[in-house]
Amino acid sequence: DIQMTQSPSTLSASVGDRVTITCRASQSISAWLAWYQQKPGKVPKLLIYKASSLESGVPSRFSGSGSGTQFTLTISSLQPDDFATYYCQQYDDYPWTFGQGTKVEIK
Amino acid sequence: QVQLQESGPGLVKPSETLSLTCTVSGVSMSSYYWNYIRQSAGKGLEWIGRIYTSGTTNYNPSLKSRVTMSVDTSKNQFSLRLSSVTAADTAVYFCARGAGGYFDSWGQGTLVTVSS
C-alpha cells in the first residue's frame, strides 16, 4: 500500500494566518492526490483534486500544489470556518489511502 | 444535487455479517463509481471498496476476503456486506460517490458497533 504521511499532526494558527500542510507519499503518485476538510461529527468535504484543482464552490483561499511524492495544501488567509481536520488521499494505486490528518486549531 | 444516505443496523455481533445499503438520489448512478469508506479512531479513514453500475468492483486487499459489494440501479442503491466482523470493524461507515479516484459527495455516515 502507498503510505501517506501528513505534517504537522496539529497546527495552531490565528485568523488571517497563511497555513501550509504537507503530505508525503511513500512512492510517486504523479498528481493523483485529493484534499478533504472534516469538522467534528461531520462528513469529509472535498477541497482539491488532482493535486491542484479546486472543487466547485470551495473558496479560492484554498490551493494545492505538488507532484510525485510531496504535496501541500495552503490556506492563504485562515478564516474562522477553516478550523478543522484536513486529510490527503492518494488515488494513484489501489488501495486508495488517506493521510492521518492535520488538525488546524485556534492559537 | 446528489444525496447519499446509508442505512443498516448500528449493532452487529462478533463473527456475524455487517450489511449496509446506500441510497442515491438527485443523480443517475451511471458514469460514476460508488464507494464505501470507514473511519475509526484507531485506523483513521480507510477505503473499503468501490463498485461501478456494471457490477465491476475493486476492494481493499486488507478486507477483500470479507467484502462483497453489489448495486441495484433500479432502486438507485448499492450495498456492502462485511463478513466475520470483529471489534476492529467498529467504525463510522460512509458511502461516497467516486469521480475517478477521489470522493466528491458523501453520505452522512452511520456508526456500526461490533459487540455481543
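Chain letters run A, B, ... following the sequence lines, proteins first, then strands; residues in each count from 1. Below, each value reflects all heavy atoms present in this structure, side chains not excepted, and no hydrogens, waters or symmetry copies.
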- Message: Less than 4.0 angstrom from a charged side-chain N to a carboxylate O is my criterion; do A:D17 and A:K107 meet it?
- Response: no

- Message: Would you say that more than 12 heavy atoms from the other residues, nucleotides or ligands in this model lie under 6.0 Å from the CD of A:E105, or not?
- Response: yes

- Query: Which region of A:Q90, side chain (C-beta onward) or backbone (N, CA, C, O), has a non-hydrogen atom less than 4.5 Å from a non-hydrogen atom of chain B, or is it both or neither?
  - Reply: neither

- Query: Does the pair B:E46/B:K43 count as a salt bridge with the N-to-O cut at 4.0 Å?
  - Reply: yes

- Would you check if there is a donor-acceptor pair between the side chains of B:Q39 and A:Q38 at a distance under 3.5 Å? yes

- Item | A:W32, part contacting chain B, at a heavy-atom distance under 4.5 Å | neither

- Task: Before giving the answer on side chain to side chain donor-acceptor pair (under 3.5 Å), spell out for A:T102 and A:Q6 the whole-Å C-alpha distance, their side-chain angles and the decisive distance to 0.1 Å.
- Result: CA-CA 7 Å; A:T102 295; A:Q6 291 181 231; 3.2 Å; yes

- Task: State whether a side-chain donor-acceptor pair under 3.5 Å links A:S52 with A:S65.
- Result: no

- Item | B:F94, part contacting chain A, at a heavy-atom distance under 4.5 Å | side chain

- Message: Counting only non-hydrogen atoms closer than 4.5 Å, does B:I37 touch chain A with its backbone (N, CA, C, O), its side chain (CB onward), both, or neither?
- Response: side chain

- Note on the structure: Interface check, chain B: of A:G101, A:S56, A:P44, most non-hydrogen pairs under 4.5 Å belong to A:P44

- Query: What part of B:N58 is in contact with chain A, defined as an atom under 4.5 angstrom from a non-hydrogen atom: side chain, backbone, both or neither?
  - Reply: side chain

- Side chain from CB out, backbone as N, CA, C, O: work out which of these in A:Q100 comes under 4.5 Å of a heavy atom of chain B, or both, or neither. neither

- Message: I need the residue from B:L45, B:N60, B:V92 with the largest number of non-hydrogen atom pairs under 4.5 Å to chain A.
- Response: B:L45

